[in-house]
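This report refers to the structure that appears directly beneath it.
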Amino acid sequence: LVIKFKIVGNLRFLSHAETAKVFQRACVRAGIKIKYSEGFNPRPKLSLPLPRPVGIESDDELLCLRVSNDLRETDIESRIIADLSTQLPEGCVLLSVIVDNANKSFQPCSETYVLDVWEEFLNEKIKATIKRLLASESLNVQRRTGVRSSGPKIVDVRGFLKSIKLDQNSIIVECNVSPAGSIRVEEILNLLELDARKLRAPIRRTNVQWQSN
């Protein structure tokens with residue numbers, strides 16, 4: 001099953017692992033039989049191919065799920081949406097369910113972040129900053145690693161910034177995503193010289209583009 005959904009409100013503070021747990025438990029209650037791996041430590045065959053940063057809303061999330069239910073039944077997609085929706089917490093909304101090839105994998109290639117900014121901060125300074133960023137050949141940022149002894153590393157994120165546009169009271173940032181990673185939300189904010197007090201709404205991720213094989 002390939003499930004598209006969105007996350008809004010307080011549910012945006014769930015971590016990647018917690019979001020997966022929400023769906024795992026909801027599937028059990030809805031009678032959807034998730035397949036598990038074999039071995040001493042069986043794991044559910046459930047994946048969120050593009051982790052959502054904590055605190056970020058999203059209207060374009062993807063969940064891939066291997067199940068043992070009979071998926072040849074009539075109107076199986078609409079029935080799964082109906083059964084699963086009633087078991088999900090407020091703030092998690094199913095958008096679509098598709099029965100797809102079990103061996104298909106999904107690789108994100110781009111994502112877009114919408115930053116709703118207070119009008120007073122959408123001034124000539126932010127316009128000049130956006131112009132400077134897009135004109136730069138390289139944008140080096142310090143990024144923390146998971147290894148304490150190695151300390152932060154320097155990463156050039158310019159290749160991940162596809163475009164930055166102003167749209168009324170929003171800054172629209174389109175980012176490239178590759179197996180090597182992408183630019184992080186906090187890095188976008190730092191480069192734009194923005195912080196929480198300048199945002200009038202939670203940051204939202206949208207328009208995720210996928211390659212499948």
Side-chain angles (χ1 to χ4, degrees), residues 5-20 47-63 91 106-211:
F5 66 99
K6 68 178 184 178
I7 292 285
V8 297
N10 289 334
L11 226 59
R12 71 183 187 275
F13 295 111
L14 290 180
S15 68
H16 177 69
E18 289 168 337
T19 304
S47 68
L48 297 161
L50 181 60
R52 177 184 52 81
V54 175
I56 304 301
E57 293 188 338
S58 175
D59 55 20
D60 203 0
E61 293 295 282
L62 193 70
L63 169 73
F106 294 85
Q107 173 63 46
C109 52
S110 71
E111 60 186 351
T112 299
Y113 289 102
V114 180
L115 314 177
D116 290 327
V117 181
W118 291 109
E119 188 175 357
E120 62 192 277
F121 297 110
L122 290 173
N123 48 31
E124 293 303 317
K125 181 181 178 182
I126 191 69
K127 293 177 183 179
T129 298
I130 292 172
K131 186 177 181 179
R132 173 178 56 79
L133 294 176
L134 293 178
S136 300
E137 293 186 2
S138 63
L139 293 169
N140 293 326
V141 300
Q142 271 198 354
R143 181 176 291 182
R144 293 181 181 178
T145 65
V147 183
R148 292 183 179 180
S149 59
S150 63
K153 63 178 181 179
I154 302 299
V155 179
D156 182 3
V157 297
R158 179 62 186 90
F160 297 129
L161 272 180
K162 193 172 183 180
S163 68
I164 308 174
K165 300 175 183 178
L166 289 177
D167 181 18
Q168 296 182 348
N169 288 341
S170 298
I171 301 175
I172 313 297
V173 184
E174 188 176 1
C175 311
N176 293 315
V177 183
S178 73
S182 185
I183 186 171
R184 297 176 179 177
V185 174
E186 61 269 24
E187 294 167 349
I188 294 173
L189 292 176
N190 288 338
L191 289 171
L192 290 171
E193 299 178 16
L194 294 174
D195 54 36
R197 68 185 179 87
K198 297 180 181 180
L199 302 178
R200 60 188 180 90
I203 299 171
R204 187 173 84 256
R205 183 166 73 185
T206 186
N207 195 31
V208 178
Q209 300 297 313
W210 300 89
Q211 291 179 339

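Note that the structure is predicted; figures quoted are calculated from it, not measured.
Here the closest non-hydrogen pair linking I183 and R143 is CA-NH2, 4.1 Å. Contact between F160 and G181 at its shortest, heavy atoms only, is CE2-O, 3.3 Å. Closest approach of R205 to I56, counting heavy atoms only: N-CG2, 4.0 Å. Minimum heavy-atom separation, L50 to E61: O-OE1, 4.1 Å. The minimum heavy-atom distance between P49 and W210, with the atom names listed, is CB-CZ3, 3.5 Å. Annotation for L139 and D156: closest pair N-OD1, 2.8 Å, computed over non-hydrogen atoms.
Applying the side-chain hydrogen bond (donor to acceptor under 3.5 Å, both in side chains) test to E18 and every residue at least two apart in sequence or in another chain returns S15. Judged as a side chain to side chain contact (heavy atoms under 4.5 Å, CB included), and not counting sequence neighbours, the contacts of Q209 are C109, S110, N207. Judged as a side chain to side chain contact (heavy atoms under 4.5 Å, CB included), and not counting sequence neighbours, the contacts of E186 are R184. Here S170 pairs with D116 under the side-chain hydrogen bond (donor to acceptor under 3.5 Å, both in side chains) rule; sequence neighbours left out. In this structure, the side chain to side chain contact (heavy atoms under 4.5 Å, CB included) partners of W118, at least two apart in sequence or on a different chain, are E120, F121, R200. The side-chain hydrogen bond (donor to acceptor under 3.5 Å, both in side chains) search around T206 returns D59, not counting sequence neighbours. Remark: F5 engages F23 in a ring-ring contact (aromatic ring centres under 6.0 Å, His included) (not counting sequence neighbours). Residues that satisfy the salt bridge (Lys or Arg N to Asp or Glu O under 4.0 Å) test with E57, not counting sequence neighbours, are absent from this structure. T19 meets the side-chain hydrogen bond (donor to acceptor under 3.5 Å, both in side chains) test with R52; sequence neighbours excluded. Applying the side chain to side chain contact (heavy atoms under 4.5 Å, CB included) test to P51 and every residue at least two apart in sequence or in another chain returns H16.
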For a side-chain contact (heavy atoms from CB on, under 4.5 Å) check, start with the C-alpha distance between L166 and L122, then their side-chain angles and the critical distance, and finish with the verdict.
CA-CA 9 Å; L166 289 177; L122 290 173; 3.9 Å; yes

Does the side-chain contact (heavy atoms from CB on, under 4.5 Å) test come out yes or no for V117 and L199, once each step is laid out?
CA-CA 4 Å; V117 181; L199 302 178; 4.0 Å; yes

Could you check L189 against L115 for side-chain contact (heavy atoms from CB on, under 4.5 Å), going step by step and ending with a plain yes or no?
CA-CA 9 Å; L189 292 176; L115 314 177; 4.3 Å; yes

Side-chain donor-acceptor pairs of residues 7-14 under 3.5 Å, sequence neighbours excluded:
{"unit_1": "R12", "atom_1": "NE", "unit_2": "G55", "atom_2": "O", "d": "3.3"}
{"unit_1": "R12", "atom_1": "NH1", "unit_2": "G9", "atom_2": "O", "d": "3.0"}

Under 3.5 Å, which donor-acceptor pairs do the side chains of residues 123-134 form with other protein atoms, sequence neighbours left out?
{"unit_1": "N123", "atom_1": "OD1", "unit_2": "K125", "atom_2": "N", "d": "3.2"}
{"unit_1": "N123", "atom_1": "OD1", "unit_2": "I126", "atom_2": "N", "d": "3.1"}
{"unit_1": "T129", "atom_1": "OG1", "unit_2": "K125", "atom_2": "O", "d": "3.0"}

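Separation of atoms NZ (K162) and CG (N176) is listed at 5.5 Å; rounding is to 0.5 Å.
By the 4.5 Å heavy-atom criterion applied to side chains, N190 and E187 are not counted as neighbours. Counting heavy atoms from C-beta outward, V173 and T112 have side chains that stay 4.5 Å or more apart. Counting heavy atoms from C-beta outward, I188 and C175 have side chains that approach closer than 4.5 Å.
The backbone N or O of E193 lies less than 3.5 Å from a partner atom in the side chain of K198, making a donor-acceptor pair.
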